[in-house]
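Nothing here was measured: the structure is a model prediction, and the numbers come from that model. Residue numbering restarts at 1 for every chain, and letters A, B, ... go by the order of the sequence lines.
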There are 6 protein chains.
Amino acid sequence: MSALRSDGAVVCFGEVLLRLSSPGAELLLQSPQLNICVGGAEANVAVSLATLGHDTGVLSTLPDNALGHAAHNELRRYGVDTSRIAFTPGRMGLYFLSPGAGGRAAEVIYDRAGSAFAVAQHTRTDWPGVLRGAGWFHVSGVTAALGPTIAEATIAAATEARKLGLTVSFDCNYRAKLWQAWNGDAPSILSQLLAQSDLVFGNERDMTLILGASFTDARTAAQSAFAAFPNLKLMAGTSRTQHSVNRHALSAALHTRNGVIETPPVDVTGIVDRIGAGDAFAAGLIHALRTNFEDAAAIRFALGAACIKHTIPGDFSLASAADIEAFLAADLSVRR
Amino acid sequence: MSALRSDGAVVCFGEVLLRLSSPGAELLLQSPQLNICVGGAEANVAVSLATLGHDTGVLSTLPDNALGHAAHNELRRYGVDTSRIAFTPGRMGLYFLSPGAGGRAAEVIYDRAGSAFAVAQHTRTDWPGVLRGAGWFHVSGVTAALGPTIAEATIAAATEARKLGLTVSFDCNYRAKLWQAWNGDAPSILSQLLAQSDLVFGNERDMTLILGASFTDARTAAQSAFAAFPNLKLMAGTSRTQHSVNRHALSAALHTRNGVIETPPVDVTGIVDRIGAGDAFAAGLIHALRTNFEDAAAIRFALGAACIKHTIPGDFSLASAADIEAFLAADLSVRR
Amino acid sequence: MSALRSDGAVVCFGEVLLRLSSPGAELLLQSPQLNICVGGAEANVAVSLATLGHDTGVLSTLPDNALGHAAHNELRRYGVDTSRIAFTPGRMGLYFLSPGAGGRAAEVIYDRAGSAFAVAQHTRTDWPGVLRGAGWFHVSGVTAALGPTIAEATIAAATEARKLGLTVSFDCNYRAKLWQAWNGDAPSILSQLLAQSDLVFGNERDMTLILGASFTDARTAAQSAFAAFPNLKLMAGTSRTQHSVNRHALSAALHTRNGVIETPPVDVTGIVDRIGAGDAFAAGLIHALRTNFEDAAAIRFALGAACIKHTIPGDFSLASAADIEAFLAADLSVRR
Amino acid sequence: MSALRSDGAVVCFGEVLLRLSSPGAELLLQSPQLNICVGGAEANVAVSLATLGHDTGVLSTLPDNALGHAAHNELRRYGVDTSRIAFTPGRMGLYFLSPGAGGRAAEVIYDRAGSAFAVAQHTRTDWPGVLRGAGWFHVSGVTAALGPTIAEATIAAATEARKLGLTVSFDCNYRAKLWQAWNGDAPSILSQLLAQSDLVFGNERDMTLILGASFTDARTAAQSAFAAFPNLKLMAGTSRTQHSVNRHALSAALHTRNGVIETPPVDVTGIVDRIGAGDAFAAGLIHALRTNFEDAAAIRFALGAACIKHTIPGDFSLASAADIEAFLAADLSVRR
Amino acid sequence: MSALRSDGAVVCFGEVLLRLSSPGAELLLQSPQLNICVGGAEANVAVSLATLGHDTGVLSTLPDNALGHAAHNELRRYGVDTSRIAFTPGRMGLYFLSPGAGGRAAEVIYDRAGSAFAVAQHTRTDWPGVLRGAGWFHVSGVTAALGPTIAEATIAAATEARKLGLTVSFDCNYRAKLWQAWNGDAPSILSQLLAQSDLVFGNERDMTLILGASFTDARTAAQSAFAAFPNLKLMAGTSRTQHSVNRHALSAALHTRNGVIETPPVDVTGIVDRIGAGDAFAAGLIHALRTNFEDAAAIRFALGAACIKHTIPGDFSLASAADIEAFLAADLSVRR
Amino acid sequence: MSALRSDGAVVCFGEVLLRLSSPGAELLLQSPQLNICVGGAEANVAVSLATLGHDTGVLSTLPDNALGHAAHNELRRYGVDTSRIAFTPGRMGLYFLSPGAGGRAAEVIYDRAGSAFAVAQHTRTDWPGVLRGAGWFHVSGVTAALGPTIAEATIAAATEARKLGLTVSFDCNYRAKLWQAWNGDAPSILSQLLAQSDLVFGNERDMTLILGASFTDARTAAQSAFAAFPNLKLMAGTSRTQHSVNRHALSAALHTRNGVIETPPVDVTGIVDRIGAGDAFAAGLIHALRTNFEDAAAIRFALGAACIKHTIPGDFSLASAADIEAFLAADLSVRR
C-alpha cells in the first residue's frame, strides 16, 4: 500500500510489566492465588508481531532479579529479540487485575511507580546503536507518560529513528493519571512524537488533546493531524461498544491523506481477556502494512487481530495470521 | 423514606453453612476436588451489609471444630461481629453444589440435618442480651423451617426485637422440603413472624401460603398483608426469568401501604454464581433504607445489589455501593 | 416403535483415547498443565448408554501400561463392561485439545497412529465369543478408517452381529484424513457396513460419499440409502449452526422408510465442551429406541442428549434421562 | 499355608466414606479448597484386594444422590463388585482430614453420624443372598461400633458366613469414641465376632479389651485368643514408631497356634498419606493367604503392602504385587 | 514469673505485607502462578497471639485499594483488631518468595520501598489515642529500619507506651540492607528502642551492633544489655542449625537478670514454611509471659511455637496452645 | 585445564521431548491432570549451559504443530538458539512420569516411537552448515539408540565436528530397550562415537559394553578407553546411592590420562525431581571446562550442578553458577 518500509526489525520501546490477576471471575485476593503473565503495551506489540513472523525487539530496562529475568525469558519464549533489554537494580513494574464478569467491570491496580524502567537513565541511550538493524520503531503514549526523562528519551528515539530512515508508529494510548502524576505537558510531548510518526493509533479524543482543537469525529481529527504533521501518513483506531464484560462490538477505521476506510462492527462474544486488544490491533496493522496488504484488507486484518485477542488469556496475542483469517471468516469448525 | 431505624447494628439470626462446590462446570465429584465457601441466608445478608459499611452481627451456633472456626473466621474476615456466635460440640451444616451451565440447571444437595445449629437450645437464648446494641433484626424463613425449637426461638427473637424498638425484617424464603421434614405449621409460624416485621421479602406465592388466600399478583398480596399485619410497612421482592444458567433477567418491586414501585427488568449476563442473590437483594434494600434512599432509588439499588451478586463467586456479595452504582450505570470501562 | 431389539447388552467396538486439553480457554501448553479425560466415539456411546441404564460393553485393545489401565478403569467407573478389552504392549491413542473460545475455534491434534488398538490383530477376534450376551452392536466410521485390518474386522463384526440377530447401528463419522492416510476405499467399506446396519447416523454428505450420488438434502439421501440397503430401517442426524464456540443451535431429523421427523432447532448456550455431542446423540437415540419411545419422542430425546452434552466437561455425556428431560423442558430452577 | 479358602470373592461389609482433605500441608480450610477421595476401612481392603487381582465386593448402603453414586463409581473404577451396595435416601458419611506435617499431627473430623449406612436396616439383610458366590468375609470393628443394629448385623453376617463355609477375617480397629456414642458393649460384641473369625487383625490392647485380661505382649494375647476362640487360626498386627508425620518405622507379626513370625522394622520415609495403611496390611495378608504364601513370606508381603500405602495419596492402596515386591527389595531405580 | 502486665491488648506496630510465592518447590515464575499470603513481622506476632487467645491489634497503614483491604481482612479473619489500621493512597508492600528445597536455599525479593506504610506520616500519630486500651506494645527492628520518619515514630511509640505503663517488647530483627538504604544510624535508634523495652528478642550479634562492643556469647551480651538498659528485664533468642531447607534444629534461651535458661535443640523435620518462625517464637513467649508460665516453661513453649510454625504454610502461625503442647510432647497420633 | 576449546557455541544434537507427569506423589492419571515440561537429554544440557551463560543451540526436529512449537519456545525461553530445529509433519516425542515417593520408585512410560525426530532424514543434514559458528558438539547415546538412520547421522555429525575442530562430548546414557527395539549394534556404534570424542560421560558398565571387556572399576575402564580412543581426553561419571526416592547420595569422578579425581559423596535430601540430573552434571562439567576450572574444581562443580538439579522441578536445571556454589557451600540462609 504505502511507502512504509517492510524490511528490518520492529523495535518497540516501553516498559515490560508483570500482570497478577485473580483466577476466574474472582475479586482480587478473594482466594489466595494469582495468575501471572507478562505484558506492557510495547511488549505486547512485539510479541504479536513475532508471532506473525516479524523480527522484533523490545528496548527496555528490567530489574536484575528473578522477576525481571522471568519477564525477559517470556519475551524470548515468543521469539522477541531481547538483546536491547538492560538489567539494573530496582523493582519490577506490576499491575494487578480483577477481570470482572457480566456487568461487573474489570479493575486494574497499577504498581509501576519507581520501577527499574521508570527510573532508568534513558537519555543516556545510544540511539543509533540500539536502532541498528531496525526498520521500524514503535512506541506508545504510556511510555512517554512515565516521567520527564522517559518523555525526552521517547522523543529522542523517534527523532533518531526517523533520521535513520525507520518507519515510526505511535500509539497515543492516553492515560490522564500517569501524566498528572508528574504534571507532564502531554500535548507538547505527544505533538513532538506525532511529528516524527508515519502512523498513529488514535482517535478524535487524542487529537483534541494534542492539537488543542475540539474534534467530534475521527475523520476531521485525522485531517487536522495530517495538516499539522507532514510526516504522518496514516491514522488508525478502533471503536468499541460494550454489552457486558463478556461481549463487545468492535469496528475500526484507517485514515489516509486520501480518505478513510471503515469496517463494519464485529460481534466479539465469549470474551476471555480484553487486555492487550489495542496492542494486538496495532501489531495487526503493522503486520499488514509490512506485508503490503491493500488498505481495506489491512484494516480488516488489524480488526481481526484485535478481536481474536479477546479470546486468548494473557496480555499477548498469540494468534497466527491463519487464526486471524479464520476468525474473520467466522470458521468455527474444530481444527483437526 | 420510612420511619425505619438507621442506627444500631443489624443482627442476623440463622445458620452458617459451608458450601462445597464442584470446580468450573463439572458435575459433583467428576474430578476429585471441591471449592469451599461460607454461606447461609442470614450470614450472606450480614456480610453484604458489612461490605456496604454497616455494623452487622450474626447470631448463630457453630461446631467447635476446625470447620466451625473456619466459618466463623470467614465472617470475621468480612467485618461481621461474631461475638453472638456460640461454639458447641456437633457437626457443621453443609451443602454441596454443582453449579450447572447453559441449559443444565444447578443442583444442590443439602447436608444440614443434625448440625450444631439445628440441635442448639435456641429457646434458652437471652434475647435482650444478644440484641443489645442492635437497631435491626433480620431473619429468614429458612431459619424458622429448621425445626420446632428454632421456629419458636425465631418468633421469640422477633417479638423481643420489636419490643426493644428494633426494625424487624423477614425474608420468607419458603422451602417446602424443610417444613415437611418435621411437619411444621408453616402458615402459623410465618404469620407470627410477619406480625412482628416492618419489612418482608416475599411475593404472592408466599402470601398465598401465609394468609391462606390465593393471590395471583404481588400488589393484591401486599395489600392483604398490610391489612393483616399492622406493623408491616414494606414488602419487597424480585422476579426472575431464566434464559439459561448463564443469563437471567431480574426485576424488583417495593410495596408500601401507599403503592408499589416496580423496576424494569435488568439483563444479567455472564452469570458466575447465582447463589445468594436474594440475600444480596435483602441487604441492598436494608442498606438503602438505613441510608435514607428514596423508595425508587432504594428498590433500584437493591435490584442492582442482587444483579451484581451473580458476577461474584461464592455465597457472599462483596460489592461496594460504588460497584453497585457502576453496575446500574452499565459502566463497563476498566477501572484503573 | 420399530422392531429393534431392546434386550441384551450394547457392544461398542472402537478405540479408547486419552484426551489432553489445555485449561480454561488457554492455547495448548500456554501454561504447563493439561486436563485429562477418556474418550473415543464408541466409548462415549457406551458410557452414555450405561449412564442411561443400559448394559454396555466396549470391545477394544489398550496398552498394558498405566495409561491403558487408567482408561480402562475410567470406563469401569461409569459402569461399562470392560471384559472385552484386551491389553497388549504398545502405546495409548491420544488427542490434544485446545477448546477455543468465542470466535476462536477449537483445535485438535490427533496422536493415535501406531496405538495398541491401531496395530492390534482384530481379524483374529472370535466374533461369536465377544458378541455373546449382546443384543446390539455399535461402531463408527472412525474405527473403520484406522486401517485395512480394522476395516475388515469392522465389517466382519457387523456381519456376525447381524447373523446373530443383534441390532446393528453405525455412525458414519467420516474423517477424510484418516482414510487418506492409508488410501482406504471409504465408499466400499462404509457400504459394506451400511449393508449390515439397522440404524445409521449420517446425512446427505455421508450418503453422497457412500452411494456415489450427489445428494443435497437428507431426505433424498435417506431414501436412496433405504433403497440400497434392505436391512436399513432408520437414518438419523443432527444439523448444527455455530454462532460462536460458546453458542450453537442444533436440530435433528429421524428418517424412516415412511417419512421423516424433524425437530425445531434448540439454542445451545453456555457451551462448556462440545466434544462427544454426536456420540451423546447416538446414545440418546439408541436409548429411546431400546425403551420404545415413539419416533418423535425418540428424536427429541436424542437431540436433548446431544444438547446437554455441551454443558458437561469431558468426552462423556453423564446426563441421566431426567437431566435430559429437564433440559428439554428448559427447567432451570436450582435442583435441591 | 493354612486351610483357608482361596476361591470365591472377598465380601467386605462396611461404610464407604468420602474424605475431604486440605491441600498440601495446609490446615483445614486455610485455603478454600478440599481434595476428595473415597475411603472406609472395608472399602479400602476391597480396593486393595481388587488391585491385587482378587474378586471383591463391598456390601454397603449409600445415599441415593450425586455423592453416593460418585463413591459407588469410584469403587467400580478399581474393579470392586458394587452389586451389593444399596442406595437409600439419606446423607453421605464424611470425614475431614488435615494431613499434618513434620511434628504436627494429622487431624480428622468425623462427620458420619446419621449417614445412610448408619441408619440402614442392616438386620433385614438376606445374608445367604448377599454372600452367594463369596469365599471370604471381611469386616472391621468400626462397622460394629456404629450402633446396635449394625453391631447385630455384623455378628449375624459373620455367623452366616462361617455357616456357609467362608473364611472370616476381622480387623479389631477399636475406636473408643464410636462405642461410647451409643454406650455399646464392645467386649461382648467383639467377642462374638472373634468367635466366628479365622483371622483377626489386632494386638495386645485389643485382646485386653475383648478378653478382659491385661496383656502386655502380643504373643500372650494371641495365645489367649486362640484358647478362647476355637475357630481362630491367625492373629496379625503391625507396630509403628513415629519419628515425624513424614517418617515412621513399621514392623509386623503373624501369630499362629504354633508360634509367631515377626518382621524386622521397615523404615518408611517420604510419607505422603498414612491413612489406610492398616487396611492395606489386611489386604496384603489376605492376598498372601489366598495365594498360598508361606507364613513368613505372607507377613513380609503384608508389611510391604502397609508400607507402600504411605507413599500413595488417598485412602486406597493401589499398589500391585510387583510394586510391593519392588518396595520390599528397596529397588528405587526409575521404572522405564 | 515477672512483673509484666498480662491485661490489655497487645498492640503491634509494623508493616503488613503481601507474600507472593512460587508453588511447591518451583523457582519464581517457573510456572505462571503465585500463592499469596499476608505477613509482616508484627502482623505475624499479632495473629499468633490472637490465635493463642489474646486481644491484639495491629497499628499500621495500608493502601486504600483491593490489596490493602484484602490484607486488612486477612488480619481480621484471625481475630486481630484492625481499628488502628489507616488506609491511604499508595502501594502495597510486597515480597516474593521462592521457598527452596533440599540444599537449595529459599530466596526472597523485597518490594516494599515506597509502600503506603513506608511513606505514611507516622510522626503525626496520636500515640496516647492508639495505645488506649492496650497493655503491651510490640515492635521489631524492621519497622525502625524503614526510614527516618518511621524510626522516630517507633521510638516515640515505645516511649509513650512505657509512659502509659504498657509492657514493651522489641524484636531486633536486624536487616543491614534496610538500614543502608537510607544510611540510618541503627545503633543509636535501636539503643533508644531498647531503652524503653522490658523484653528484647535478640542475640550477641544484635548486642554487638547496638552496644558497640564485641560479644561472642549471648549471656555476656545479655548482661551488658541489662547493665545498659535499666528497664530491660528479659532477653530471648533462638539458635538454628540448618541440615537442609527441610530439616533444621532449633534451641532457645531466655536471659533474665538472674541467669539464663537454655533449651536443648529440637529436631524440626518435614519443614513446610520457615518464614515467620521468629515471630511465632516472640508470640509464644509473650503468650507464656502474659499467662504466667514459669521461665523454663515459657521458653520451652516459645520454642515449640517457633518449631510448629515450620509445619504451617504461610507467614502466620495458626497453632493453638494445645497444638504446641502436642508438638512438644511429640504426640504424632492422628487427632480424631 | 585442558586444551579444550572454550569459544563458539555448544551444539547439542538430540530429541526434544514433552514430559507429562502426575501431580505431587500421585500415580499416573490417579487424578485427571498432568503437569507438563520440556526435556530430552541434549536439550537439558543445552538449557543448563545457556543458564550458565554459554551460547548453546539444539539441533533437532520437531512436529509442526502446537506441541512442537511449544517445546521449541520453551527452549527459546531459556536462551537456547533454536535456529537449527526443523519442523516437519509428525508426532511429538512424549514421556509420562509418575515421580514416586519414599520407597516407591518413579515410573516412566516412553511414548517416543515414530516421533518427528525419530523418522526425520537426519542423514541429509548439511553438517558443516549446522555446525557453523560452533565450538563444541554434544550428543548422547540415547540419540544414537533411536534407529539406524539416526545412529549413522550421529557418527557423521561427531566426525564432522572433530574435522572442523570442535570439541566433542558424548554421554553414553545406555538404554538397552531402545537398542533392542531395532536390534542395533550398540558396541560398534558407540565405539565410533567415542573415537571422535574428547570427553565421555560414562562408567565401567558403559566401557564393558563398548570395549567388550569386563571392567569392575571405573579407573581401569577409563584407562582402557584412553588406550582405545586416542582422541579421548576425559571420562567423567557420577555414582549414586538411593536411600529413598527423596534422599540420595552422589559422588563423581573425573578421569584424565594422568589420573582420577574423586569427590566425596554429597547427601542429596529433599529431592523434588531427579530427572535430568545426569544432564545437569554434563552441563556443569562442560561449563567448568570451558571456563578453565582446575580439574578438581571442575568435577566438584559438575557434581554440585547434578545435586542441585534434584531440587528443581522439571527436566531442566535452571541453577546459576552462584546457586551451585551456594549449594556446595551448604549455605542455606534465606537469600534476600
Side-chain angles (χ1 to χ4, degrees), chain B residues 16-24 26-39 62-75 77 89-100 106-116 118-119 177 180-181 313-316, chain D residues 16-23 26-39 62-75 77 89-100 104 106-116 118-119 177 180-181 313-316:
Chain B
V16 183
L17 297 167
L18 278 191
R19 181 224 276 192
L20 305 95
S21 55
S22 48
E26 289 185 7
L27 307 183
L28 272 168
L29 304 187
Q30 192 174 352
S31 71
Q33 204 164 64
L34 290 168
N35 293 328
I36 310 298
C37 71
V38 172
L62 281 167
D64 191 12
N65 62 25
L67 307 179
H69 286 280
H72 166 271
N73 286 1
E74 196 70 3
L75 295 181
R77 177 182 176 193
R91 68 177 297 265
M92 184 78 205
L94 308 175
Y95 79 96
F96 293 84
L97 170 71
S98 162
E107 191 181 336
V108 164
I109 299 174
Y110 280 111
D111 183 17
R112 59 197 295 177
S115 70
V119 305
K177 268 197 190 170
Q180 289 156 5
D315 266 45
F316 297 159
Chain D
V16 183
L17 298 166
L18 278 191
R19 180 224 276 193
L20 305 96
S21 56
S22 47
E26 290 187 5
L27 306 183
L28 271 168
L29 304 186
Q30 192 174 351
S31 72
Q33 206 164 60
L34 290 168
N35 293 329
I36 310 299
C37 70
V38 173
L62 281 166
D64 190 13
N65 61 25
L67 306 179
H69 286 281
H72 165 271
N73 286 0
E74 196 70 2
L75 295 181
R77 177 182 177 194
R91 67 177 297 265
M92 184 77 205
L94 307 175
Y95 79 95
F96 293 84
L97 171 70
S98 163
R104 178 169 57 81
E107 192 182 336
V108 164
I109 299 175
Y110 281 110
D111 184 16
R112 59 197 295 177
S115 70
V119 305
K177 268 197 189 171
Q180 289 157 5
D315 267 46
F316 297 159

Distance-minimising heavy-atom pair for D:Gln33 and B:Asn35: NE2-OD1, 3.5 Å
Result of checking D:Leu20, D:Asp111, D:Ile109 against B:Leu67 for side-chain contact (heavy atoms from CB on, under 4.5 Å): D:Ile109
Those residues that, when tested against B:Phe96, pass ring pair (Phe, Tyr, Trp, His ring centres under 6.0 Å) (two or more places apart): none
Straight-line distance of D:Met92 CE to B:Leu29 CG, nearest 0.5 Å: 8.5 Å
